[in-house]
Amino acid sequence: MIAEDKAKGYIARRVAKEFKDGDVVNLGIGIPTLVANCLPPGIQIFLHSENGLLGMGPIPPEGYEHPNIRNAGSSSVSFLPGGAIFDSAVSFGLIRGGHLDATVLGALEVDEKGHLANWMVPGKMIPGMGGAMDLVTGAKRVIVAMTHVNKNGSPKIVKTCLLPLTSIRKVDLIVTEYAVFRVEDTGLVLIEYSEESSVEEIKGLTAAHFDIDPRLKTIER
Amino acid sequence: MIAEDKAKGYIARRVAKEFKDGDVVNLGIGIPTLVANCLPPGIQIFLHSENGLLGMGPIPPEGYEHPNIRNAGSSSVSFLPGGAIFDSAVSFGLIRGGHLDATVLGALEVDEKGHLANWMVPGKMIPGMGGAMDLVTGAKRVIVAMTHVNKNGSPKIVKTCLLPLTSIRKVDLIVTEYAVFRVEDTGLVLIEYSEESSVEEIKGLTAAHFDIDPRLKTIER
Amino acid sequence: MKKKLITLHEFSERIPSGATLLIGGFLGDGTPDLLIDEILKTDKGGFTVIANDTAFPDQGIGKLISQKRVKKAIVSHIGTNPETQKQMIEGSLIVELIPQGTLAERIRAGGFGLGGILTPTGIGTIVENGKPKLHIDGKEYLVESAIKADFALLKAKKADFYGNLTFAYTARNFNTFMAFAANCTIAEIDELVPIGGLNPEEVVVPHAVVDCLIRGNRS
Amino acid sequence: MKKKLITLHEFSERIPSGATLLIGGFLGDGTPDLLIDEILKTDKGGFTVIANDTAFPDQGIGKLISQKRVKKAIVSHIGTNPETQKQMIEGSLIVELIPQGTLAERIRAGGFGLGGILTPTGIGTIVENGKPKLHIDGKEYLVESAIKADFALLKAKKADFYGNLTFAYTARNFNTFMAFAANCTIAEIDELVPIGGLNPEEVVVPHAVVDCLIRGNRS
């Protein structure tokens, strides 16, 4: 069992290793946002925010917040040099047109084929899809960054999503505090696991079949 | 018979009376372009050019031509104060979206229902439609400004267009040096005629049926 | 020439109850707060609001929701506004959820004279329910119709007297294309500049689509 | 990080014969002349060119036509280039004519991940021949497919090292959306500015869609 306080950092740091220098990336709210602070040395990525900016910088110091430089979660942010702004149609043109190298999102469920459900729980929680459906449909790579199980301890990786799908486009990679799965045509393939855990424990925490990569290794921490 | 040298001026001055102060108007190449110089006192219109500007001003004096301020005919033009530039997608968004109060175009043929043909003569002259199809389909008012007959003296207002149509959207007004026709659901209605001519002469120069407005009057020169 | 500058009172007199309103903004950023506050001074309601979101209960479009002036909201998400969710569950507010990129393009299509859009987003999800689909070059697309409205209520940064508009950074969002998609487009502006006070290249929305201007708090 | 600035020679080495090229410009205004001249120094040809027009015989895209490097031109008009018309009538050049607004939107759709467009333009004319039509809200629209290409050759005014672009007045035309619609987007620029040398609001095309930059005569 990996402690909850460690999980988020583990996930963010592992996701941060997925990028090439110069990648254009959209990070969802929550764990994905933490990825920006975990990039390996020498890797610079350009952050896209769907409300209309590219080259998003960190939250400015107190007193330096501009009321009209915000991210998609309504937080004050900043521009890095070389930043650009555009309207929502262009912003989603970048997304849908395949001009984002990657999008990192949270999930409610991911199934054994790699389908993602992350935008509603019928009759219970209906926040709306926002930009998630376009992001998952359009980005070159879709990376799910989530805790392996939900608050009740139930697996979030399931045989078939019971919740409404975000897209029929399959995700490319699933990163949890326990494991990293690559999504192939044949289904999920476990490629890395946490040295604090074991393949057996991961099988127990996962409600879907997965194959094991012959080059299986532990997650570098 | 109205002399050729007078015809263009007659047509342009009559078309110029069609605008309200503040109208946004696209003027085609040839006679329509002359309209801008014939506006009645107190009437200011905003000229749109489909290559991406609104608020187009006159040809600048020699030596003041900017290489990248051009109209759709590739002539150097200028901006009036309050001008705006945009790309071709926005320019045709204005056109197709019904944001132009009027477009003034030349014609090869107009038929008895008000259909316009102005972009090709099969096997002979194929310049292409350029922006004409969008302009005729999208502008709030379509005004044809043309000489009543072609170079061979044949009528340009015909029973049915033999040339490929520019749009199924009917034009609203036809202005020639001889006559002004309103286009109604029932067909063409002669509303004004040149005092240098007569209804009989106009019938002879027109190969289409037209009704005569009970308030028929002569064109003010 | 018609003067485009009007007062807040003239503005609210033009908006009838039951109107369909496009409202700019993203979680309140780029939303015309003065226009919304002015509507709230009247007893008008029953609006259909088309916007990215309903912001927060006490902010921007959220205030229209909290004061029950909205009968239908067509938006991409409502996660930041529990009041919207409450009214939706109670059945007093109809909420239609649309993917954000689809919503943006459908509004742009309405303003640009296009019949709708062909998007891959939503294929294979509940978003496609009841909608026509088309195959083009072997790929499947949803046909989503164009959206237009009676009014567009925008927040702009600068305007000249003709109505040419610029926007402040991320306050641009939905304001640009919404300007094209309404019978009457009204912009609350932070700064009024003289004609010629904007570089033609700086203009983001050309005046041809702007009907009325209202000077905001900062102008 | 990959350097986007390349030389003219590196540019022409990347363009293979037979490639499909989106080329910016309107009758030569906004066309990357240096890039075209560089291609003409090689023996490459058989290109499919997608552009607003073919300009004039001795200018811009017209030079590619006059030197018989183009096998197909997809354009909105050719009235200013008698050489294009001559080759078309001889049968040595295929010309596909598309309404200008339709051409612009089809290219934008390609770059924006949309399957095509739904336009009223062309309905009831020979433009509709063989194309599917759709009724939406009682009105008929042509379904016109999205356009993409191997390369987009653009002319920009300023660029920073990342590839953010601005344009000079009416040289903007097709350059903006063509940038999104190619596998490789290459811009000839008049002025190179340092990173941070452009205001984020001034950027017209964001660097995410720009692959290569070539310094033009003025930079």
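Just so we're on the same page: letters track the sequence lines, and every chain starts at 1.
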### Query
Would you find more than 12 non-hydrogen atoms of other residues, nucleotides or ligands less than 6.0 Å from C/Glu90 atom CD?
yes
So, the part of C/Leu103 with a heavy atom under 4.5 Å from chain A: the answer is neither
OG1 of C/Thr119 to CZ of A/Arg96, rounded to nearest 0.5 Å, is 4.5 Å
Whatever's closer than 4.5 Å to a heavy atom in chain C on A/His66 counts as side chain
Distance col, row C/Leu27:CG vs A/Asn71:CG, nearest 0.5 angstrom, shows 9.0 Å
Most contact-rich option vs chain C, by heavy-atom pairs under 4.5 angstrom, among A/Val136, A/Ile85, A/Val77, is A/Ile85
More than 12 non-hydrogen atoms from neighbouring residues, nucleotides or ligands closer than 6.0 Å to CG on A/Asp185, yes or no? no
The reported gap from CD in C/Gln100 to CG in A/Leu135 (rounded to nearest 0.5 angstrom) is 8.5 Å
Taken to the nearest 0.5 Å, the spacing of A/Trp119 CH2 from C/Ile126 CD1 works out to 3.5 Å
- Task: Answer yes or no: are there more than 12 heavy-atom neighbours, outside A/Lys17 itself, under 6.0 Å from its atom NZ?
- Result: yes
*Tell me, yes or no, whether the heavy-atom count around A/Lys159 atom NZ, taken from other residues, nucleotides or ligands under 6.0 Å, exceeds 12.*
no
If you tally heavy-atom pairs under 4.5 Å between each of A/Ser167, A/Pro127, A/Gly128 and chain C, the highest tally belongs to A/Pro127
query: Just by distance, do the side chain of C/Thr170 and the backbone of A/Arg70 share a donor-acceptor pair under 3.5 Å?
result: yes
Pair count under 4.5 Å, heavy atoms only, with chain A: among C/Ala55, C/Pro120, C/Gly122, highest is C/Pro120
Would you indicate whether the side-chain heavy atoms of C/Pro99 and A/Phe92 approach each other to under 4.5 Å?
-> no
Answer key: most heavy-atom pairs under 4.5 Å with chain A among C/Ile98, C/Ile89, C/Ile107 is C/Ile98
Under 4.5 Å to a heavy atom of chain A? For C/Phe56 that would be side chain
Cut-off 4.5 Å, heavy atoms of chain C, and the answer for A/Thr137 is side chain
Heaviest contributor of heavy-atom pairs below 4.5 Å to chain A, chosen from C/Val95, C/Val75, C/Asp29, is C/Asp29
Tightest non-hydrogen contact, residues C/Thr125 and A/Met133, listed as OG1-CE, 3.7 Å
The reported gap from CZ in C/Phe26 to CG in A/Asn68 (rounded to nearest 0.5 angstrom) is 14.0 Å
When C/Asn173, C/Thr176, C/Asn175 are each screened for side chain to side chain donor-acceptor pair (under 3.5 Å) with A/Asp87, the one that passes is C/Thr176
Exercise. Got a donor-acceptor contact below 3.5 angstrom from the A/Asp134 side chain to the C/Gly101 backbone?
Worked result: yes
Applying a strict 4.5 Å limit to non-hydrogen atoms, the region of A/Thr166 in contact with chain C is backbone
Per-residue tally against chain C (heavy atom, under 4.5 Å) across A/Ser91, A/Ser74, A/Gly52 peaks at A/Ser74
**Asked** Is A/Ile59 atom CD1 crowded by more than 12 heavy atoms from other residues, nucleotides or ligands, each under 6.0 Å away?
**Response** no
Output for pair (C/Ile123 CD1, A/Leu165 CG), nearest 0.5 Å, gives 13.0 Å
Cut-off 4.5 Å, heavy atoms of chain C, and the answer for A/Ala132 is neither
If one checks every heavy atom of A/Phe86 against chain C at 4.5 Å, the contacting part turns out to be backbone
request  = Taking atom CG of C/Asn129 as the centre, report whether more than 12 heavy atoms of other residues, nucleotides or ligands fall under 6.0 Å from it.
outcome  = yes
So, C/Arg108 side chain and A/Ala89 main chain: donor-acceptor pair closer than 3.5 Å or not?
no
Under 4.5 Å to a heavy atom of chain A? For C/Thr80 that would be neither
*asked:* Atom NZ of residue position A/Lys170 - does it have more than 12 heavy atoms of other residues, nucleotides or ligands inside 6.0 Å?
replied: yes
When the 4.5 angstrom heavy-atom criterion is applied to C/Val127 and chain A, the contacting part is side chain
